[in-house]
Amino acid sequence: MAGHSRPKDGVASLAYDPAIHHAGMAFWVYILASKPGGTLYIGVTRDIVRRVFEHRTDVVKGFTRRYGVKKLVYFEQHDTAIAAIQREKNIKHWSREWKIDLIVSMNPDWRDLYDDISH
C-alpha cells in the first residue's frame with residue numbers, strides 16, 4: 001500500500017501523497033466522525049479531497065448528513081480499487097473498538113485531517 005510505513009514502534013503511519021493523488025492513481029479508504037469517539041462512517045473513493053468536501057458541505061444525502069459526520073479522522077491510500085474496496089469492507093465488519101484503535105493509531109487526538117489533504 002503506497003504511503004504506508006511501520007516505524008520501529010509498530011504503529012502504522014499513513015501519509016497523504018499529493019503527487020499520487022493529483023496523478024489520479026490512488027484509491028482511498030477513509031473514516032469520518034461526528035466528534036472524537038462519536039458516530040463513524042467508513043467510505044472508499046478515488047478522489048478523497050472531493051469526496052470529503054461533499055460530506056462536509058452536506059452535498060451527500062443520507063447517513064453522514066443525518067448524523068453530522070463530517071470530520072476526516074483517518075485515511076489510507078491503496079494502489080487499486082479492488083484493494084481499497086476490500087479494505088473498506090473488512091473495516092466495516094470490525095468491532096467499534098477495533099475501528100477506534102485504527103483511528104487512534106494514526107490520529108490519537110482525533111484531529112480533522114481535511115486541511116492536511118486539501119491543499
Side-chain angles (χ1 to χ4, degrees):
M1 171 173 39
H4 185 259
S5 63
R6 289 218 178 262
K8 286 191 267 185
D9 63 6
V11 176
S13 108
L14 300 165
Y16 176 75
D17 185 340
I20 290 174
H21 168 74
H22 292 297
M25 299 168 20
F27 296 86
W28 303 90
V29 175
Y30 62 96
I31 302 177
L32 302 176
S34 59
K35 61 183 180 182
T39 304
L40 302 177
Y41 173 84
I42 297 137
V44 65
T45 185
R46 178 89 182 205
D47 185 340
I48 191 169
V49 174
R50 177 192 53 78
R51 188 64 175 145
V52 173
F53 178 80
E54 290 171 350
H55 287 294
R56 292 168 68 88
T57 58
D58 289 331
V59 171
V60 179
K61 292 182 182 177
F63 184 86
T64 58
R65 184 187 212 173
R66 189 174 323 122
Y67 294 100
V69 182
K70 299 178 182 189
K71 187 174 179 178
L72 178 64
V73 293
Y74 178 86
F75 62 90
E76 59 185 48
Q77 187 174 313
H78 293 268
D79 295 330
T80 67
I82 292 169
I85 291 166
Q86 186 59 58
R87 178 69 167 165
E88 176 201 29
K89 287 179 182 180
N90 291 347
I91 293 171
K92 283 183 173 183
H93 286 94
W94 289 3
S95 69
R96 179 173 174 79
E97 180 182 1
W98 286 8
K99 292 171 190 171
I100 289 172
D101 287 347
L102 180 64
I103 293 164
V104 169
S105 74
M106 175 189 186
N107 186 5
D109 298 324
W110 291 70
R111 239 178 15 90
D112 188 345
L113 304 172
Y114 181 73
D115 287 341
D116 295 352
I117 66 167
S118 64
H119 298 107

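Just so it is clear, the structure is predicted and the values come from calculations on it, not from any experiment.
Judged purely by atom type and a 3.5 angstrom limit, Ser34 uses its side chain to pair as donor or acceptor with the backbone of Thr39. A donor-acceptor pair under 3.5 Å is formed between the side chain of Asn107 and the backbone N or O of Val73.
For Trp110 against Ala33, the heavy-atom pair with the smallest separation is CZ3-CB, 3.9 Å. Here the closest non-hydrogen pair linking Ile91 and Lys99 is O-CE, 3.0 Å. Between Leu102 and Trp94 the shortest heavy-atom distance is CD2-CZ3, 3.7 Å. When all heavy atoms of Lys89 and His93 are compared, the pair lying nearest together is O-ND1, 2.7 Å. Residues Val44 and Ala84 come closest through the heavy atom pair CG2-CB, 3.5 Å.
With a 4.5 Å cut-off on side-chain heavy atoms, Leu113 and Arg111 count as touching. By the 4.5 Å heavy-atom criterion applied to side chains, Ile42 and Tyr30 are not counted as neighbours.
With sequence neighbours excluded, the residues that form a side chain to side chain donor-acceptor pair (under 3.5 Å) with Asp112 are Arg56. Contacts of Lys71 classified as side chain to side chain donor-acceptor pair (under 3.5 Å), with partners at least two apart in sequence or in another chain: none.
Neither side chain, His55 nor Tyr114, offers a donor N or O lying under 3.5 Å from an acceptor on the other.
Each of Gln86, Gln77, His78 was compared with Val29 under the side-chain contact (heavy atoms from CB on, under 4.5 Å) criterion, and only His78 meets it.
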Problem - Working for side chain to side chain contact (heavy atoms under 4.5 Å, CB included), residues Ile31 and Ile103 - result: CA-CA 8 Å; Ile31 302 177; Ile103 293 164; 3.8 Å; yes

Practice task
Just do the side chain to side chain contact (heavy atoms under 4.5 Å, CB included) check on Val60 and Arg51 with the steps written out, would you?
Solution key: CA-CA 9 Å; Val60 179; Arg51 188 64 175 145; 3.1 Å; yes

